[in-house]
There are 4 protein chains.
Amino acid sequence: MPRISKERQQDRRNSILAAGRMVLSARGFNDAAISAIAAEAGVSDGLVYRYFTNKRDLLIAVLADFYEGIIDNLEVILDQYDTFEERIRAIVYEHIARFASDKEMCELFLTEIRVSNNYRETEIFRLNRRYTSIVVRTAQDGLARGEMNPAIGPRLLRDMLFGGIEHFAWRHIGRGVAIDVDEGASKIAEVLLHGVCARSTPPNPPKAHTGK
Amino acid sequence: MPRISKERQQDRRNSILAAGRMVLSARGFNDAAISAIAAEAGVSDGLVYRYFTNKRDLLIAVLADFYEGIIDNLEVILDQYDTFEERIRAIVYEHIARFASDKEMCELFLTEIRVSNNYRETEIFRLNRRYTSIVVRTAQDGLARGEMNPAIGPRLLRDMLFGGIEHFAWRHIGRGVAIDVDEGASKIAEVLLHGVCARSTPPNPPKAHTGK
Amino acid sequence: MPRISKERQQDRRNSILAAGRMVLSARGFNDAAISAIAAEAGVSDGLVYRYFTNKRDLLIAVLADFYEGIIDNLEVILDQYDTFEERIRAIVYEHIARFASDKEMCELFLTEIRVSNNYRETEIFRLNRRYTSIVVRTAQDGLARGEMNPAIGPRLLRDMLFGGIEHFAWRHIGRGVAIDVDEGASKIAEVLLHGVCARSTPPNPPKAHTGK
Amino acid sequence: MPRISKERQQDRRNSILAAGRMVLSARGFNDAAISAIAAEAGVSDGLVYRYFTNKRDLLIAVLADFYEGIIDNLEVILDQYDTFEERIRAIVYEHIARFASDKEMCELFLTEIRVSNNYRETEIFRLNRRYTSIVVRTAQDGLARGEMNPAIGPRLLRDMLFGGIEHFAWRHIGRGVAIDVDEGASKIAEVLLHGVCARSTPPNPPKAHTGK
DNA sequence: TATGAATGAGGATTCATTCAT
DNA sequence: CATGAATGAATCCTCATTCAT
């Protein structure tokens with residue numbers, strides 16, 4: 001029979017998680033000291049190790065927490081759209097917005113996790129799969145509806161979408177320039193959907209997806 | 001009056017550079033010890049610091065060396081093509097091939113340099129600009145020739161091209177799966193040029209760019 | 001008024017003691033975690049501290065428990081013999097057998113307790129005295145009966161007996177080689193009783209003491 | 001071409017070795033901090049690791065240094081004696097003297113090295129073999145000369161000699177009582193050579209070996 | 001010029017022990 | 001009585017960089 005309630009334990013864990021997110025974001029994995037995280041959370045160094053196996057495990061928990069939030073968010077949003085094009089526009093918009101709002105989490109993922117040797121055995125890998133598979137499913141749906149070119153596989157669309165946004169966003173982030181999410185999303189979606197070549201007859205005026 | 005000739009100095013520098021590339025590629029920045037690089041080059045630890053300010057400076061020099069090679073190469077190749085589409089196909093092909101052949105250099109750039117705070121003050125930043133500006137110029141040329149959609153800026157094409165390839169290539173690299181450069185390049189170029197939407201009239205059979 | 005009966009308390013204490021013996025034997029003092037002992041005993045960490053002052057106190061209790069058993073055993077056995085020589089042979093036999101059967105307890109005593117600064121203030125010191133004093137009394141008896149050389153004090157016999165056996169046994173233990181208790185005891189007793197010099201007239205055929 | 005002479009390097013190594021011996025003696029292996037040893041030697045922490053692989057390697061070097069000294073010493077002394085009995089007396093005397101003069105080194109060996117799992121792969125194991133093999137050779141010589149009882153193997157003599165002395169000496173050391181080396185050696189040798197049984201005809205008055 | 005010996009900062013992790021509940 | 005969450009001290013080792021020679 002535990003001396004402290006489950007709620008209290010969750011509080012502790014959440015404190016450490018929040019402190020971890022803050023310090024890891026600010027300093028990066030190597031320069032974030034456990035003692036700094038513990039101090040930020042208002043607990044002892046040792047307690048961090050009651051809730052997390054080691055420093056890397058804490059990093060993974062921090063990112064997993066982040067990922068779970070954005071996956072749920074994206075799924076809810078996608079439910080509001082039907083056509084392939086609308087959905088792609090929505091995903092692009094949301095993903096850029098994510099980079100804009102959570103630069104450091106994205107950076108942590110790109111520089112610490114995705115590079116690591118055992119990334120593919122990681123919970124983050126599975127969460128990333130869930131996240132990116134939203135695009136894959138959207139693509140499969142688009143293929144079924146005849147709205148997507150069957151010569152392009154769903155996975156290539158996924159790579160182009162996430163890779164393109166990553167590059168686009170990184171450039172702004174690196175310069176400390178705010179991203180114009182609306183415009184960026186609109187143009188990137190345009191490229192993904194119709195390419196960069198000049199088009200004789202622009203079919204419809206591109207309907208921008210806006211965040212609300 | 002220098003005790004050793006300029007040529008000898010260049011030799012020394014090149015030895016260290018080559019050793020640095022080898023060890024940094026194999027071990028990554030953090031795990032590559034200066035002493036290991038010096039040993040590989042057959043010089044003392046101290047001498048490394050006569051030719052390079054510090055470890056990071058050496059990393060930058062190694063990557064600069066790499067970049068210079070691939071920029072020249074890409075420029076030579078591009079001269080062989082005239083149309084916007086052909087050029088884009090060629091760039092995509094070459095860039096994927098680069099990932100396939102120099103995985104570690106790409107990784108070093110992505111994980112160590114591009115992320116760093118002072119990346120934009122770096123020689124690598126300038127070289128990366130030169131490299132990616134090839135795409136920008138190609139795009140500008142395409143616009144002038146009316147072959148590219150003016151609604152898409154050259155820089156967005158650049159981001160989509162490099163970001164998409166990076167994601168595509170990383171996936172293969174991470175899994176240790178060899179990249180099918182021909183097929184990957186063909187499809188990625190297709191997305192960039194014409195998008196993923198179903199097309200009523202496939203304009204021309206896509207002419208694959210092959211490496212030779 | 002205690003909430004749990006004396007019997008229950010004894011049970012608890014004995015559980016912890018048994019778990020302590022098991023874990024300390026298997027891991028050694030430093031590598032035996034209190035939490036592991038508590039888990040093995042099926043109690044909480046904190047409860048260990050209700051029955052024992054600290055980890056070292058538990059170690060001492062475990063060894064005391066062990067010592068009490070072997071002292072009783074040795075005294076019972078000695079009662080079956082009358083002559084000095086027979087008794088020495090019996091003690092040697094039993095002590096070697098003890099090393100063979102309880103290697104880890106012996107090791108714990110030799111490496112953790114006997115070395116410690118406050119060994120002589122320890123209960124183990126008193127128990128060890130009781131155990132080794134069996135030899136001293138046997139020697140005094142032998143002197144009284146004229147069967148032992150008066151130039152050799154009882155305590156020196158004690159040192160030679162226990163020290164010699166310890167070295168002999170350790171060698172086997174360290175190599176993981178089973179001890180031939182019968183042969184070892186016979187020879188060690190022979191050296192103690194008659195020395196290693198060549199003897200002109202072997203007095204009697206040495207009567208080996210065997211375990212039953 | 002080294003910047004500092006071999007002699008200087010030896011000095012450094014010897015400083016660290018001496019400091020290691022001092023601190024390890026005083027504190028024991030676990031409580032001796034590398035930083036304390038480095039400070040005692042007047043060098044930086046890091047330099048310790050240029051001369052010794054790790055803390056345990058330093059411990060082993062300290063003990064090896066000690067062992068080499070006493071082996072040479074014992075061999076020189078033994079050359080002065082011819083008969084089996086004289087030699088055994090000399091070895092006993094010297095070994096007790098060693099315990100008396102270098103209690104901590106003996107303790108370090110007994111409590112840190114001999115107990116360790118990989119003792120038998122250690123340089124100390126080989127040195128200990130060399131040291132104790134002096135007794136074995138002396139015994140073999142005694143057997144050849146007909147001065148030792150062939151029923152007692154050389155190795156048993158060795159165990160009884162070193163084990164008996166260890167116990168005898170430890171008792172005095174533990175109590176902080178100075179050992180009477182002359183008397184202890186004389187009596188221990190007597191037991192080893194002729195046993196503890198009453199002898200009808202003491203052959204010769206035992207000639208005590210005295211230290212000079 | 002070249003050497004390589006010397007420096008020294010920096011941090012994750014364990015676990016005996018306590019004490020609020 | 002019993003729990004088990006919380007504490008926090010304590011340390012080995014690496015390696016980029018310097019500088020006396």
Side-chain angles (χ1 to χ4, degrees), chain A residues 1-5 8-9 12 30-39 42-58, chain B residues 1-5 8-9 12 29-39 43-58, chain C residues 1-5 8-9 12 29-39 43-58, chain D residues 1-5 8-9 12-13 30-39 42-56 58:
Chain A
M1 174 181 5
R3 284 310 99 185
I4 67 171
S5 65
R8 182 72 194 290
Q9 267 195 58
R12 289 290 211 186
N30 273 312
D31 293 342
I34 285 288
S35 58
I37 294 170
V43 301
S44 67
D45 290 19
L47 197 63
V48 174
Y49 288 87
R50 174 166 289 277
Y51 290 98
F52 303 94
T53 302
N54 53 33
K55 194 181 172 184
R56 179 153 289 268
D57 183 54
L58 172 58
Chain B
M1 176 175 40
R3 293 253 194 69
I4 65 170
S5 65
R8 177 103 174 108
Q9 270 195 51
R12 290 287 213 186
F29 184 73
N30 271 312
D31 293 343
I34 285 288
S35 60
I37 294 170
V43 301
S44 68
D45 292 18
L47 197 63
V48 174
Y49 287 85
R50 179 161 292 278
Y51 290 97
F52 303 94
T53 303
N54 54 31
K55 193 181 174 184
R56 179 153 291 267
D57 183 55
L58 172 58
Chain C
M1 176 175 38
R3 291 255 194 67
I4 65 170
S5 66
R8 177 100 174 111
Q9 268 196 53
R12 291 285 214 185
F29 184 73
N30 271 312
D31 293 342
I34 285 288
S35 59
I37 294 170
V43 302
S44 68
D45 292 18
L47 197 64
V48 174
Y49 287 85
R50 179 162 293 278
Y51 290 98
F52 303 95
T53 302
N54 54 31
K55 192 180 175 185
R56 178 154 291 268
D57 183 55
L58 172 57
Chain D
M1 178 178 2
R3 283 308 98 186
I4 68 170
S5 64
R8 183 73 194 291
Q9 268 195 57
R12 289 291 213 184
R13 203 188 125 94
N30 272 312
D31 293 342
I34 284 287
S35 59
I37 294 171
V43 302
S44 67
D45 290 19
L47 197 63
V48 174
Y49 289 87
R50 173 168 290 276
Y51 290 99
F52 303 95
T53 302
N54 54 33
K55 194 180 172 185
R56 179 153 289 268
L58 173 58

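Chain letters run A, B, ... following the sequence lines, proteins first, then strands; residues in each count from 1.
For the pair D:Val43 and D:Arg12, the tightest heavy-atom approach, listed with the atom from each and the gap, is CG1-NH1, 3.4 Å. Contact record, C:Ile34 with C:Lys55: CD1-CG, 3.9 Å, taken as the closest heavy-atom pair.
Rounded to whole Å, atom P of E:dA16 lies 18 Å from atom OH of A:Tyr49. As rounded to whole Å, 14 Å separates atom C1' of F:dG4 from atom CZ of C:Arg50. For A:Arg8 and F:dA5, the CZ to P distance is 12 Å, given to the nearest whole Å. We find that CG of B:Asn54 is positioned 9 Å from C1' of F:dA16, with the value rounded to whole Å. When rounded to the nearest whole Å, the span between CG of B:Asp57 and C1' of F:dA16 equals 14 Å. When rounded to the nearest whole Å, the span between CZ of C:Phe52 and P of E:dA16 equals 15 Å.
The residue among A:Gly42 and D:Arg56 whose nearest nucleotide of DNA chain F is located toward the 5' end is A:Gly42.
A search for side chain to side chain contact (heavy atoms under 4.5 Å, CB included) contacts involving D:Arg13 returns D:Gln10, D:Leu17, D:Tyr51, D:Phe52, D:Ala61, not counting sequence neighbours. In this view, C:Ser35 and C:Ala33, C:Asp45 satisfy the side chain to side chain contact (heavy atoms under 4.5 Å, CB included) rule, not counting sequence neighbours. Under the side chain to side chain contact (heavy atoms under 4.5 Å, CB included) criterion, A:Arg56 pairs with A:Phe29, A:Asn54, A:Leu59, A:Ile60, A:Glu112, A:Ile113, A:Ser116, sequence neighbours left out.
In this structure, C:Arg12 reaches the F:dA2 phosphate: one of its side-chain N or O atoms is under 4.0 Å from OP1 or OP2. For F:dA2, one of the phosphate oxygens OP1 or OP2 lies less than 4.0 angstrom from a side-chain nitrogen or oxygen of C:Tyr51. Note on D:Gln9: every side-chain N or O is 4.0 Å or more away from OP1 and OP2 of E:dA6.
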For nucleotides 8-11 of chain E, give me every protein contact, N/O to N/O, under 3.5 Å, one pair per line with atom names.
from: E:dG8; atom 1: N7; to: D:Gly46; atom 2: N; distance (Å): 3.4

Review point. Tell me, what's DNA chain F's dot-bracket, Watson-Crick or G-U with both distances under 3.5 Å, | for other-strand, [ ] crossing?
Key: .||||||||||||||||||||
